Amino acid sequence: MYNTNERDKMNNPKNIVFLVIKRTTWNDGETWFDVAEHSESKERAEQCMTALNTLKSDEKVSYLICEVNHENK
């Protein structure tokens with residue numbers, strides 16, 4: 001559970017969040033996307049993605065980084 005400060009930082013409309021997205025392709029060709037990790041810097045997201053790619057044993061799973069800008073225009 002997030003404490004109040006973490007929740008406030010996540011809700012800041014000027015924050016950019018980098019999400020490491022887990023992509024799973026099933027035998028029937030269906031693809032699922034889930035958030036595996038999130039970070040406040042692209043460098044940290046790349047480290048997480050490298051670690052997840054190193055640890056995975058399932059060839060149907062891959063990871064990519066998505067940048068989400070919460071700035072309201």
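Because the structure is predicted, anything quoted here is derived from the model rather than measured. Side-chain atoms are counted along with the backbone in the values below, which use heavy atoms only and exclude waters and symmetry mates.
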| task | Grab the two heavy atoms, one from Leu64 and one from Met49, that are nearest each other, plus how far apart they are. | result |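 Scanning both residues, the minimum pair turns out to be CA-SD, 3.8 Å.
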How many angstroms lie between atom [atom1] of [X] and atom [atom2] of [Y], to the nearest 0.5 angstrom?
{"X": "Gln47", "Y": "Lys42", "atom1": "CD", "atom2": "NZ", "answer": "13.5 Å"}
{"X": "Phe33", "Y": "Ser62", "atom1": "CZ", "atom2": "OG", "answer": "7.5 Å"}
{"X": "Ile21", "Y": "Asp34", "atom1": "CD1", "atom2": "CG", "answer": "8.5 Å"}

| request: Can you establish whether the number of heavy atoms outside Asp28 located under 6.0 Å from its atom CG is more than 12? | output: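 More than 12 within 6.0 Å, yes.
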Side chains of [X] and [Y] in contact at under 4.5 Å (non-hydrogen atoms):
{"X": "Val61", "Y": "Arg23", "answer": "no"}
{"X": "Thr24", "Y": "Thr31", "answer": "no"}
{"X": "Ile65", "Y": "Glu46", "answer": "yes"}
{"X": "Val20", "Y": "Phe18", "answer": "no"}
{"X": "Glu67", "Y": "Ile16", "answer": "yes"}

| request: Please report the C-alpha distance between Glu37 and Leu19 in whole Å, then the side-chain angles of each, then the deciding distance to 0.1 Å, and finally whether the side-chain contact (heavy atoms from CB on, under 4.5 Å) criterion is met. | output: CA-CA 6 Å; Glu37 298 280 345; Leu19 303 177; over 6 Å; no
| task | Check which hydrophobic residues are tied to Trp32 through side-chain heavy-atom contacts below 4.5 Å, counting indirect links as well, and list them. | result |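 Direct or chained contacts put Trp32 with Trp26.
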